[in-house]
Amino acid sequence: MLERLLTMATADRSLTLLHSYCALTALAAALAWALDPRLLDGLNVWIKPLNFSLSLVILGMTLGWLLRRLPEHGAARLLVRTGAALLAGELV
């Protein structure tokens with residue numbers, strides 16, 4: 001199972017960078033969630049960043065899985081790289 005996850009995670013360099021960064025931000029948000037007791041409408045303020053980062057990790061790995069089944073060159077790879085760049089901009 002770990003081998004499959006690593007295969008999906010390294011399908012494309014831009015995706016690897018994206019979900020690696022998202023995993024780091026998820027880890028930071030989880031740590032902040034544990035240490036920061038602030039609430040907004042009854043929820044910890046770090047829940048939304050944590051959920052967003054985790055969802056992008058899952059998205060990146062899913063796109064990596066899909067890219068493994070596509071030809072090496074083509075419009076799909078360009079679209080995935082463009083999407084990864086736009087998501088990275090969204091994170092910043």
Side-chain angles (χ1 to χ4, degrees):
M1 170 120 171
L2 181 61
E3 184 178 322
R4 271 191 167 175
L5 287 174
L6 289 175
T7 300
M8 287 187 287
T10 59
D12 185 74
R13 187 168 193 262
S14 59
L15 281 177
T16 302
L17 291 173
L18 174 69
H19 64 255
S20 297
Y21 177 73
C22 289
L24 288 174
T25 58
L27 183 64
L31 183 63
W33 181 28
L35 297 175
D36 189 1
R38 291 182 296 159
L39 300 176
L40 179 66
D41 290 335
L43 291 174
N44 191 293
V45 295
W46 293 100
I47 288 289
K48 187 172 181 178
L50 178 63
N51 286 340
F52 188 69
S53 295
L54 289 176
S55 68
L56 288 182
V57 169
I58 294 169
L59 174 67
M61 295 190 82
T62 303
L63 287 175
W65 176 77
L66 288 171
L67 280 179
R68 287 283 183 192
R69 282 139 180 83
L70 294 174
E72 285 296 318
H73 301 287
R77 289 208 178 262
L78 178 62
L79 286 173
V80 166
R81 288 185 178 130
T82 303
L86 290 172
L87 287 172
E90 178 73 24
L91 284 171
V92 172

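Computed from a predicted model, the values in this text were never measured in an experiment.
- Leu40 forms part of a hydrophobic cluster together with Trp33, Val45, Trp46, Ile47, Leu50, Leu54, judged by ILVMFWY side-chain heavy-atom separations under 4.5 Å.
- Listed by chain and number, the residues in a side-chain contact (heavy atoms from CB on, under 4.5 Å) with Leu56 are Cys22, Phe52, Leu59, Leu87, Leu91 (sequence neighbours excluded).
- Scanning for side-chain contact (heavy atoms from CB on, under 4.5 Å) contacts around Thr82 gives Leu78, Leu86, with sequence neighbours left out.
- Counting all heavy atoms, side chain and backbone alike, Pro37 lies closest to Leu35 at CD-O, 3.4 Å.
- Residue pairs meeting the salt bridge (Lys or Arg N to Asp or Glu O under 4.0 Å) criterion with at least one member in residues 38-57, sequence neighbours excluded, are Asp36-Arg38.
- Connectivity analysis of hydrophobic side chains (ILVMFWY, heavy atoms under 4.5 Å, direct or indirect) links Leu79 to nothing; its cluster partners are none.
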